[in-house]
Amino acid sequence: MTVVTERTAWTADEALEQLYAAHWRRLVRLSVLLVRDTATAEEVVQDAFVAVHARWARLRDPDRALAYLRQSVVNRSRSALRHRTVVARHLARAPEPPVVPGADEAALDRDRRAGVLDAMRALPRRQREVLALRYYLDLSEAEIADTLGISPGAVKSHASRGAATLRSLLEKDL
Amino acid sequence: MDDLHALLDDAVADVEPADRLGEIRARTRRPARRPGRYAVGAAVLTTAATVAAVVVVTDGPASDPEVAAGADPSVLVPVYFVGDTPRGARLFREFDRVPGDDRGAAALALLQAEPSDPDYRTAWQPGSLLDVTLTDGTIVVRLGTGAPGGADGDLSVQQVVHTVQAALQSRAPVQLVLRDGDLVDRPVTARPALDVLSHVNISDPTEGRVVSGSFTARGVASSPEATVPWELRRGDEVVRDGFATAEGWLDRLYPWETAVDVSGLEPGEYTFVARTADESGGEGPGPDVDTRTVVVE
């Protein structure tokens, strides 16, 4: 008889289903914070899930798989921006509808959200990534350092500079 | 720092991503979704690969090379294909993903490949478009052999113009040149969208998408009163219908979006249909229509 190790757990397909159920929406939202555009974010995260499936045999562990997914989403979001597919999507989608005077609460919500996403996009890339991982995913400095491949010290300084810039950008809008 | 936490949470609170599990499963089952298409594109994309390699190396990010941004580069580009409307042949847009790192080359490869939507066609045979460059305010497209004549006339040129302008993010005029560098006529500009494009176009779902529970359909349209009637059909039977409201109409194409509930439907193939509203009472040419096949799980 062969020794059964911890690998009795999930097959790649099962892992994919579990990870998708638990993290799909949150990871798409993370990517939206980085690339701004939802359709692009869906593509990015879809690719990340395909990649994690292919790698399951080496990951084998849900926590490591999630770390891989996060890293993959951040890198692919960066890549999507670099190739400017986001711009294409925006051109294709056309701008937000103009705000009419006496706009209702939904329109105000939409404006506020658009303002934050625009401000995020205006940040330097590293600051944007660190803020999204720190304040949206609630990752620790060590986890962020791992995800981005930078030192914990760099995480700290990007986070404080990013937070300051984001605040000043949003104040300007008010 | 709780305020930043709340701010970012709120900024994406209304993002409800479409369900893509079906698509992801389909891609993990088979190595490539449309092997035929990729094969056609391969020749064109080869030259792009050497350029791409440089880009990847100069900006290698995180620790794991397999997750690095450029590890399996692919680009998503809009491509215009020819389809029919009651007003004659018009252009319809599809979004397609192609391996590679060069948007121009990807766009040309797709123009010469089979569209995913069987209702569309392209006049450009493999080998008829060689490469595209943007220099000094002009987009230059080099023609190979077998460039189209055909009944679609200058719509096939507009197909190239709209596609490469979108791919290169430029409104620069497009100069077609022969392989030896001889110019073909003068540079061509994009004709107005409402003259050459279908007045309704589905962006999502993509052709053959697997759906369950519900899905979001999106697209663009210029339809009277911004009303975009839609139907979900099984064969000839309409099983769901409704109206989407676009963000505008009349002067250009505007985005529309609608949720389609497919819970309780028998698994199988359905057709999602979006059209322009027909207010002519049968007097006019009739509505523009775009369709996509979806598979309910």
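Side chains included, hydrogens not; waters and symmetry mates left out as well; all remaining heavy atoms used. Here is the naming used below: chain letters follow the sequence lines, and residue numbers restart at 1 for every chain.
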- Message: If I compare all heavy atoms of B:Ala13 with all of A:Arg113, which pair ends up nearest, and what's the gap?
- Response: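 Shortest heavy-atom contact: CB-NH2, 3.9 Å.
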- Contact summary for B:Leu4 and A:Ala163, nearest pair of heavy atoms: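 Scanning both residues, the minimum pair turns out to be CD1-CB, 3.4 Å.
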- Item | side chain to side chain contact (heavy atoms under 4.5 Å, CB included) against A:Ala12, all qualifying residues, sequence neighbours excluded |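 Side chain to side chain contact (heavy atoms under 4.5 Å, CB included) check on A:Ala12 returns A:His53, A:Trp56.
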- Which residues satisfy the side chain to side chain contact (heavy atoms under 4.5 Å, CB included) test with B:Ala107, sequence neighbours excluded?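 B:Ala107 satisfies side chain to side chain contact (heavy atoms under 4.5 Å, CB included) with B:Thr163, B:Ala167 only.
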So which part of [X] gets closer than 4.5 Å to some heavy atom of chain B, the side chain, the backbone, both or neither?
X: A:Asp138; answer: side chain
X: A:Ala48; answer: neither
X: A:Tyr136; answer: both
X: A:Ile150; answer: neither
X: A:Arg112; answer: side chain

- Mind checking what makes ring pair (Phe, Tyr, Trp, His ring centres under 6.0 Å) contact with B:Trp249, not counting sequence neighbours?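 For B:Trp249 there are no ring pair (Phe, Tyr, Trp, His ring centres under 6.0 Å) partners, ignoring immediate neighbours.
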- Going through the distances and angles, do B:His5 and A:Arg134 end up as a side-chain contact (heavy atoms from CB on, under 4.5 Å)? CA-CA 8 Å; B:His5 197 285; A:Arg134 175 85 186 80; over 6 Å; no
- Item | Between A:Tyr135 and B:Asp3: side-chain donor-acceptor atoms closer than 3.5 Å |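 The answer is no; no qualifying pair exists.
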- Message: I'd like to know if A:Glu42 and B:Arg209 make a salt bridge, using a cut-off of under 4.0 Å between side-chain N and carboxylate O.
- Response: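 No.
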- State plainly whether the residues B:Arg27 and A:Asp47 are in salt-bridge range, i.e. N to O under 4.0 Å.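 Result for this pair is yes, salt bridge flagged.
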- Rounded to the nearest 0.5 Å, what separation is found between the CG atom of B:Leu76 and the CD atom of A:Glu43?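 Rounded to the nearest 0.5 Å, the CG-CD separation comes to 5.0 Å.
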- Task: Supply the atom-to-atom distance B:Leu8 CG to A:Leu133 CG, rounded to the nearest 0.5 angstrom.
- Result: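 Interatomic distance, B:Leu8 CG to A:Leu133 CG, rounded to 0.5 Å: 10.5 Å.
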- Message: Is it the case that the side chain of A:Tyr20 and the backbone of B:Arg20 share a donor-acceptor pair, with hydrogens and angles ignored and the cut-off at 3.5 Å?
- Response: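 Flag set: sc A:Tyr20 to bb B:Arg20 pair under 3.5 Å.
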- Message: Set out, in order, the CA-CA distance, both residues' side-chain angles and the distance that settles side-chain contact (heavy atoms from CB on, under 4.5 Å) for A:Thr38 and B:Val12, then state yes or no.
- Response: CA-CA 10 Å; A:Thr38 307; B:Val12 289; over 6 Å; no
- Query: Any side-chain heavy-atom pair from B:Asp10 and A:Val116 closer than 4.5 angstrom?
  - Reply: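 No, their side chains stay 4.5 Å or more apart.
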- Are there residues of residues 23-30 of chain A that reach to under 4.5 Å of chain B by heavy atoms, and which ones?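 Residues A:Trp24, A:Arg25, A:Val28, A:Arg29 are the ones that qualify, each having a heavy atom under 4.5 Å from chain B.
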